[in-house]
Q: 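Here's a structure for you.
Note that ligands are numbered from 1 as they come in the structure, with each ligand's atoms numbered from 1 the same way. Values below: every heavy atom of this structure, side chains too, minus hydrogens, waters and symmetry copies. Only a predicted model underlies this, so the values are computations on that prediction, with no experimental measurement involved.
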Amino acid sequence: MKHNKIIRNQPVLKDVFKDDFYIGVALNVNQIYDKEPNAIALVQRHFNSIVPENILKWEEVHPEPNKYNFDPVDRFVAFGEKHKMHIIGHTLVWFHQTPDWVFQDESGKPLDREALLKRMQEHIYTVMGRYKGRIHGWDVVNEAIADDGGFRKCKWLDIIGEDYVVKAYEYARAADPGAQLYYNEYDFEKQAKCEGVIRLIRDLQSKGVRIDGVGIQGHWFLDYPRIEEIETYILALSKLGVKLMVTELDVGVLPFYPVDSKAVALSSFDPETQKKYNPYTDGLPDSVQKDLAKRYAELFSLFHKHRDKFSRITFWAVHDGQSWRSYLPISGRTDYPMLFDRHCKPKPAFEAVIKIAQGEESLINSIDN
Ligand code: XIL
């Protein structure tokens, strides 16, 4: 059966949550260039918000000092406009996926504070300015806080100092006064880190810098973090008086391995360790499929309960085959984190999320049986 026929009868995610929050999804470059028709059909049917997975990161959109790569972004924005979607930009200032030249002068020497601020401003003005009024919300600063609640060590901090974050929001506000400005972060279950984010946002607010939302990335596992932990920080963050959003949702089913900036190749482990970290190469066993459905049901039940606090829930891939969870922190694994499988077919997790929207909370326990 043709894919279009298969999806024609599916309940529509964005419709079942239309009174609650946007349902977003991250698009990769192939999808933006229309090379994955089945994935794009799902995007059009189920999602009313999009974010680019990589093409707006500094190394992609601004790879060299005077070179901007706007073609993919132009297409991404045009796609979102064509389908009347809520369009998100990710991300302007980050320690990662930012080329070394950004922090150096022509002779390779580190820039001083003023020169780096100028470069940050130029980047933000150029990128945001081009899509003024068209990209509706931006992850201005991504991942600025360390596990201990202090600022994460990075070149922005080293060269500019702690007010690099304030400056980024000031430039962004000036570049497009109508855009929503967000702060995006992960691992809020680490209490010191969560408190650090809250301190940072309060500090910005006390300086008169308006922040419109906090993004909770949501790269989770079947049993980590616990729902109670997530609820605790939803409640803590909501006291900031800003909208919350889940910005990069995926639920990995494979064993945890610490994330480093570079991926480790699965093939570099001995066979036994490979099996341990990559157990489901021949498909996902029914029992794990059920665990995933139950986990998604619990998560969406929590989001729905706090729908007054959330403006958007965004998935960090359309389908399992796209997800970064299979190539980071270990490359060469087969993970199953999304609602749609590698053939773009809905999984039991998809049905479970739809049922939650339809008020069938009792489903959560019945998945056990
Ligand atoms: C990931 C992308 O999904 C990968 O394709 C890329 O190789 C690395 O970055 N936090 C973020 C996202 O804010 O930008 C990251 O996306 C995942 C972690």
Q: In terms of side-chain heavy atoms, does D250 have a donor or acceptor partner in W324 at a distance below 3.5 Å?
A: yes

Q: Does even one non-hydrogen atom of H219 get within less than 4.0 Å of ligand 1?
A: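 It does; at least one heavy atom falls under 4.0 Å.
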
Q: Between NZ of K18 and CG of N48, what distance do you get to the nearest 0.5 Å?
A: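 K18 NZ to N48 CG: 11.5 Å, rounded to 0.5 Å.
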
Q: Does ligand 1 have an atom under 4.0 Å from some heavy atom of Y186?
A: no

Q: Looking only at distance, does Y327 have an N or O less than 3.5 Å from an N or O of ligand 1?
A: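 Min N/O separation from ligand 1 is below 3.5 Å for Y327.
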
Q: Which of the atoms of ligand 1 are close to E53, meaning less than 4.0 Å from one of its heavy atoms?
A: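 Listed by number with element: 2 (C), 3 (O), 4 (C), 5 (O).
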
Q: Which is closest to atom 18 (C) of ligand 1 in terms of heavy atoms, E248, H96, E185, E60?
A: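 Ranked by closest heavy atom to atom 18 (C) of ligand 1, first place is E248.
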
Q: When you measure from the centre of the six-membered ring of Y336, is the NZ or CZ of R325 under 6.0 Å away and within 45° of the axis?
A: no

Q: Does any donor atom in the side chain of Y131 or D74 lie under 3.5 Å from an acceptor atom in the other side chain?
A: yes

Q: Is it the side chain (CB and beyond), the backbone, both or neither of N28 that lies under 4.0 Å from ligand 1, heavy atoms counted?
A: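 It is neither part, as no heavy atom is under 4.0 Å.
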
Q: Which ligand 1 atoms does K57 reach within 4.0 Å, using its non-hydrogen atoms?
A: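 Under 4.0 Å from K57, ligand 1 has these atoms: 1 (C), 2 (C), 9 (O), 12 (C), 14 (O), 15 (C), 16 (O).
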
Q: Which atoms from ligand 1 have a heavy atom of H90 less than 4.0 Å away?
A: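 Those of ligand 1 that fall under 4.0 Å from H90 are 11 (C), 12 (C), 13 (O), 14 (O).
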
Q: Would a line drawn from the ring center of F79 to the ring center of F76 be shorter than 6.0 Å?
A: no

Q: Within the 4.5 Å heavy-atom criterion, are I145 and K190 side-chain neighbours or not?
A: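 Contact flag for I145/K190 side chains = no.
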
